[in-house]
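What's counted below: heavy atoms across the whole structure, side chains too, no hydrogens, waters or symmetry copies. As the structure is a prediction and not an experimental result, all values here were calculated from the model.
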Amino acid sequence: MIPSVLPTYNRAPLTFVKGEGAWLTEADGRRFLDLGAGIAVNALGHAHPALVAALTDQAHALWHVSNLYNIPQQQALADKLVEHSFADTVFFTNSGTESCELAVKMARKYFYDKDQPERVEIITFDGSFHGRSSAGIAAAGSEKMTKGFGPLLPGFVHVAFGDLDGVTDAITDKTAAILIEPIQGEGGIRPVPDAELKALRQICDDNGLLLILDEVQCGVGRTGKLFAHEWAGITPDIMMVAKGIGGGFPLGAVLATEDAASGMTAGTHGSTYGGNPLGCAVGCAVIDHVATPAFLESVNRKAGLLRQKLEALIADHPEVFEEVRGSGLMLGLKCKPANIDVVNAGYDNLVITVPAADNVIRLLPPLTLTEDDIAQAMIRLDKAARQIETQLQTA
């Protein structure tokens, strides 16, 4: 008999009932160090006082009215995002997947309104992840994402990750945009080098294309800047954001320049829940904390310490780990044994990591992680690695 919850997840046998900072409490009382943060969502950790206050205050005032009316909290968050980014305008969604849908529509509508309706194709990259909607899986293109869900939405051209010549060769008179994650998350924590992001920006400029960045996982302070592309000194035309922007409340956004968004006039897109008072009140509190120089400096300092400790962990356990990769507090450990075995050993030793492609485990802790938390992380990851080594010896 099918469960009442559709069985699309391979869930770990864990039930968390309380969270505080970087820590989660299981129903049986065990305390886990959370290095996953809900897959890079809980940017300020669990039960952050400012987010609790923002949500509670707003809940006592007004939850939802729909986008038929002005929403002051939405306006306030849009103003903050415009102030702190390249963007001139923002549309609020409920998730990264919804942000992908709008980014695709926005790029195609842009060229339609420029009397170039044939320009509908978007160049994407192997190993990418842009959500699980029809557009998202078509953009990623991998068999894992698309098998059984055809016919796929047309209009996506896939290029090998890191292949700039392949990008140039893929451009035709039908090309509208290039879509890329500055750091592939699900794809195994694979950063795009700054020089390649700069080259993609130049390719777009030279060919009259739009550059769309997917910062759903790597944005909102995760890399030590508010948005990951800032390290490369470039700006996109359109950017997808979600996860950390809501600090645990379902919230996403599409940021765009005035030109890129010019086709999205009244009636061309909408959302019942997107940008509601509750979500945007929390989002304002998140941005007020994350978009400050002091906070971002703390992320960089802790990221440097964590990476140093992880390098030492690799040196101590060369049969378990190969390398550390990533940026800021978006890090990955490439494993030699199956990564899910390492994740499960972490559960046994009360530390949470997240699997990804390329046999990587992701470390996506709250940006509020403390030095004491980092010390505990190393103790628990070391125990997990020792457990794996014992298993390898007895296999």
Side-chain angles (χ1 to χ4, degrees), residues 19-23 33-51 80-81 83-86 181-185 189-192 194 197 213-234 239 241-249 251 253 255 282-311 313 324-333 351-354 361-378 381:
E20 184 176 4
W23 295 85
L33 181 59
D34 185 6
L35 300 184
I39 316 181
V41 167
N42 298 99
L44 299 183
H46 300 282
H48 190 283
L51 302 195
K80 291 176 190 293
L81 291 170
E83 176 187 356
H84 292 291
S85 77
F86 73 95
E181 302 157 273
I183 303 174
Q184 286 191 346
I189 309 295
R190 297 200 293 179
V192 179
D194 290 348
L197 280 179
L213 295 185
D214 181 340
E215 293 223 17
V216 168
Q217 190 165 146
C218 64
V220 193
R222 176 100 351 226
T223 66
K225 288 191 181 290
L226 187 58
F227 297 110
H229 66 266
E230 295 176 36
W231 290 107
I234 63 149
M239 182 170 68
V241 178
K243 290 187 181 289
I245 194 174
F249 195 96
L251 182 64
L255 284 66
V282 176
C284 283
V286 170
I287 295 300
D288 285 344
H289 276 73
V290 174
T292 64
F295 186 90
L296 293 171
E297 174 54 35
S298 75
V299 172
N300 285 307
R301 176 177 50 78
K302 289 179 285 191
L305 176 62
L306 179 57
R307 191 173 193 121
Q308 179 185 37
K309 299 290 186 182
L310 290 173
E311 294 284 6
L313 182 74
V324 60
R325 57 174 71 160
S327 177
L329 291 176
M330 185 177 180
L331 299 175
L333 284 171
V351 63
I352 296 169
T353 60
V354 181
I361 63 170
R362 282 176 280 179
L363 308 180
L364 307 164
L367 306 183
T368 52
L369 190 77
T370 68
E371 292 188 12
D372 287 343
D373 294 335
I374 292 173
Q376 275 296 318
M378 293 306 106
L381 289 171

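- F227 is listed as a side-chain neighbour of V241, based on a closest heavy-atom distance under 4.5 Å.
- For the pair I245/V286, no side-chain contact is recorded, criterion being any heavy-atom separation below 4.5 Å from C-beta on.
- Residues G224 and W231 approach most closely at C-CZ2, 4.0 Å, considering heavy atoms.
- Nearest heavy atoms, G19 versus A47: O-CB, 3.5 Å.
- By the 4.5 Å heavy-atom criterion applied to side chains, L363 and I189 are not counted as neighbours.
- A salt bridge links E371 and R301; the closest N-O separation between the charged side-chain nitrogens and carboxylate oxygens is under 4.0 Å.
- Between G244 and A43, the shortest heavy-atom distance links the atoms O-CB, 3.9 Å.
- Heavy-atom minimum distance, C218 versus M330: CB-SD, 3.5 Å.
- Atom-to-atom distance recorded for L81:CG and L255:CG is 5.5 Å, nearest 0.5 angstrom.
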May I have the step-by-step check of side-chain contact (heavy atoms from CB on, under 4.5 Å) for M378 and L310, ending in yes or no?
-> CA-CA 8 Å; M378 293 306 106; L310 290 173; 3.6 Å; yes
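- Rounding to the nearest 0.5 Å places CD1 of I374 at 7.0 Å from CG of L329.
- Open room surrounds CD on E20; 12 or fewer heavy atoms of other groups in view lie less than 6.0 Å from it.
- K302 places a side-chain N or O within donor-acceptor distance of the main-chain N or O of L367, the cut-off being under 3.5 Å.
- Judged by distance alone, with hydrogens and angles left aside, the side-chain atoms of Q217 form no donor-acceptor pair with the main-chain N or O of A40 at under 3.5 Å.
- Taken from CZ in F86 to CD1 in I234, the straight-line distance is 10.0 Å, to the nearest 0.5 Å.
- With sequence neighbours left out, the side-chain hydrogen bond (donor to acceptor under 3.5 Å, both in side chains) criterion links N300 to no other residue.
- Between M239 and H229, the closest side-chain pair of non-hydrogen atoms falls below 4.5 Å.
- The structure places NE2 of H84 at 14.0 Å from NZ of K225, a figure rounded to the nearest 0.5 Å.
- The closest side-chain heavy-atom distance from S327 to I183 is below 4.5 Å.
- Looking only at side-chain heavy atoms (C-beta outward), L35 and L369 come within less than 4.5 Å of each other.
- No side-chain heavy atom of E181 sits less than 4.5 Å from a side-chain heavy atom of V192.
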Given N42 and T368, is the side-chain contact (heavy atoms from CB on, under 4.5 Å) satisfied, shown in steps?
-> CA-CA 9 Å; N42 298 99; T368 52; over 6 Å; no
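- If you take CG on L33 and CG on D372, they are separated by 11.0 Å, rounding to the nearest 0.5 Å.
- Residues satisfying the ring pair (Phe, Tyr, Trp, His ring centres under 6.0 Å) criterion with H46, sequence neighbours excluded, are absent altogether.
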Stepwise, does the side-chain contact (heavy atoms from CB on, under 4.5 Å) test hold for L381 with T353?
-> CA-CA 10 Å; L381 289 171; T353 60; 4.2 Å; yes
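- Rounded to the nearest 0.5 angstrom, L313 CG and R307 CZ are separated by 13.5 Å.
- The closest side-chain heavy-atom distance from C284 to H289 is not below 4.5 Å.
- Listed for the D288 side chain is no donor-acceptor partner under 3.5 Å among the backbone atoms of A285.
- The minimum heavy-atom distance linking A228 with P182 is given by the pair CB-CB, 4.0 Å.
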